[in-house]
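First up is the structure itself, then whatever we jot down about it.
Each ligand, and each atom within it, is numbered from 1 in the order the structure gives. In this chain, residues are counted from 1 in sequence order. Every heavy atom of this structure was used, including side-chain atoms; hydrogens, water molecules and symmetry mates were not. Computed from a predicted structure; not experimentally measured.
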Amino acid sequence: MRKLLKFIKPYRSAIITASGLIFIQVILELLLPTLMGNIIDIGVVEGDTNYILKTGGLMMLAASFVILFAIISIYQSSRVSMAFARDLRSEVFKKVEDFSLSEFDKIGTPSLITRTTNDITQIQQVVMMSLRIMARAPMITIGSVIMAVHKNARLSLIIVFILPVIIIAIIIVTKKGVPLFKAIQTKIDRLNQILRENLMGVRVIRAFNRVDYEKDRFKVANKDITDITIKVSKIMAIVMPAITLALNFTIIAVIWYGSINIDRGTMQVGDLMAFIQYVIQSMFYLAMLSMIFIMISRASASATRINEVLDMEPEIKDPENPRIINIKNGIVQFKDVTFSYPGAEEPALKNISFTARPGEVTAIIGGTGSGKSTLINLIPRFYDVDSGSILIDGVDIREITQKTLRESIGFVPQKSVLFTGTVADNIKYGKEDATDGEVRHATEIAQAEEFISNMKEGFSAAIAQGGTNVSGGQKQRLSIARALVRKPKIYLFDDSFSALDFKTDAKLRNALRDEVTESTLIVVSQRVSTVMDADQIIVLHEGTILGIGNHKELLKTCNVYREIVFSQLSEEEIA
Ligand code: ADP
Ligand code: MG
């Protein structure tokens, strides 16, 4: 929690002004009971109407100032706490943007979402409450006790007995509550995860008749949260009544002894009433303070989770003194690269060496799980290699900034991702300032022109979240257009033609060949027909390269390649 306080710093002056107002407010509030007591003792008992009017007017004035200052301080505390939450959220978001894929694997997407939303809201609420009460509660409690002692020191001894009881109650509740609060946040993560899976997998769930199973899964997670929240609420529920009970007993005792004093003539009625008012005030604010402590302990669970995100060092970082280069040619070179995923037993890639040159098509073929996507993902540095190196134009990609590196790459992932927006927005994602002409040209090469012009609104047609309103093949073609519009030096196509029919696939590849004569093309595919006419074909099998060469050479030298070819093509196609 303490670490997050730095996000409040910018609003220090607002807080100080508010605290000043609160201080005046507290003093006025502390005066009111005394004034009331005086009205009773001097005005009512002695029948001095003038005094009643004068002092009453004074009380009204003080009360209006109290209200005015209260409004200002509530407004300030809301403003500051909202701004604090906004800053914190954007800080977390910024941090997450810097994460490499392994950090996402570590924390998990659902948890990242809860941490950015729910956890920050928890802290924001505490900040708001603290600003409102933290300054006021101790001042009023202490001030009231002082005033009470001033009114009648012996009667005040009662407060001395009651205070420890309340403080002990607060400590017990906080101790019991904290572990439960932590648990609540993890349960929210879990619920979030199930909900996400359900919403994204809704088609599969329906198709496999798993609706009931999923309902049960959700029910369990939902009940988990409910149970634990009830448990916490039960503990919390004890605090308020307990304090009220203690308070009421205190008042009984005060009235009891007070009346004896009045009987003896050592105390006046007005004084007693003021005294009771002070006791109530001090106890009430003490109770409020205890609530704040409970809220802080809850928020500290959230703060830990947020700090975990903020403190996480991305594994992939820009070098301290990056080399400033212009990637002119886009020669991609793998030198004896070995890579394993965190926690995996076997490396996903072993001793990979090859060079992909501009103006040439380098194709990678291999069965599922052979490491094709892994190889492609290493080039934009989504993961770092374990040993060996990847060079672009002769420079190790770890020596330049990720921005420089990625600017030179047009990446089409295996799983096409589109964003909410129009068709044109999605293509311009590759190059923000692309002209309409450039966008159109990219779609022509990507063979996307026809289906876009068939859409009612053409380029302004809306794409739904996740691109669910276009087909798999259309999605692929749009993400290809997005990469093309950048005109990068290096193109990476990860199985990007898999959802296209053979004819469109061939047309697209021909158009590509004519268009990108100066860039390096790395194309992953499972289809022989897609890779056959590549300048160089790399055969990947269980993370190792079995052969490199063109179609003809590999047919002669590489058994695995021959097997793949024979399983897909007929005799005459091969010849
Ligand atoms: P391909 O694209 O050739 O089908 P991949 O490169 O996706 O194969 O996967 C190669 C191997 O790496 C597989 O055994 C797969 O299980 C493993 N793998 C892929 N992604 C991850 C990941 N994020 N974490 C751990 N292992 C992974
Ligand atoms: Mg793959």
the protein heavy atom lying closest to atom 2 (O) of ligand 1 turns out to be S373 OG, 2.7 Å
Of all protein heavy atoms, the one nearest atom 12 (O) of ligand 1 is Y341 CE1, 3.4 Å
If we number the atoms of ligand 1 from 1 as shown, the ones under 4.0 Å from a heavy atom of T374 are 5 (P), 6 (O), 9 (O), 10 (C)
Do K428 and E438 meet the salt-bridge criterion of a basic N to acidic O distance under 4.0 Å?
no
*asked:* I'd like to know if G543 contacts ligand 1, where contact means a heavy-atom distance under 4.0 Å to any ligand atom.
replied: no
Heavy-atom closest pair (R513 atom, D533 atom, distance to 0.1 Å) is NH2-O, 2.8 Å
In this structure, atom 14 (O) of ligand 1 is nearest to the protein heavy atom G369 O, 4.1 Å
Quick look: F382 vs ligand 1, heavy-atom contacts under 4.0 Å, and the answer is neither
- Task: Flag atom 17 (C) of ligand 1 as yes if some protein heavy-atom distance to it falls below 4.0 Å, otherwise no.
- Result: yes
Check whether any N, O or S atom of Q414 sits under 2.8 Å from the Mg ion (ligand 2).
yes
Specify whether an N/O/S atom of T374 falls short of 2.8 Å from the Mg ion (ligand 2).
no
Decide if atom NZ of K176 counts as having more than 12 heavy atoms of other residues, nucleotides or ligands within a radius under 6.0 Å. no
Note: D336 and S353 closest approach over all heavy atoms is N-OG, 2.8 Å
Practice item. State whether the number of non-hydrogen atoms from other residues, nucleotides or ligands found under 6.0 Å of R206 atom CZ is greater than 12. Key: no
Test side-chain hydrogen bond (donor to acceptor under 3.5 Å, both in side chains), reference S498, set Q526, Q476, Q414, R527, output is Q476
- Can a salt bridge be assigned to the pair R398 and D396 using a cut-off of 4.0 Å between side-chain N and carboxylate O? yes
Requested in this report: Say whether F104 and ligand 1 are in contact under the criterion: heavy-atom distance to a ligand atom below 4.0 Å.
Outcome: no
In this structure, atom 3 (O) of ligand 1 is nearest to the protein heavy atom K372 N, 2.8 Å
On a heavy-atom basis, the closest approach of G371 and L349 is O-CD2, 3.6 Å
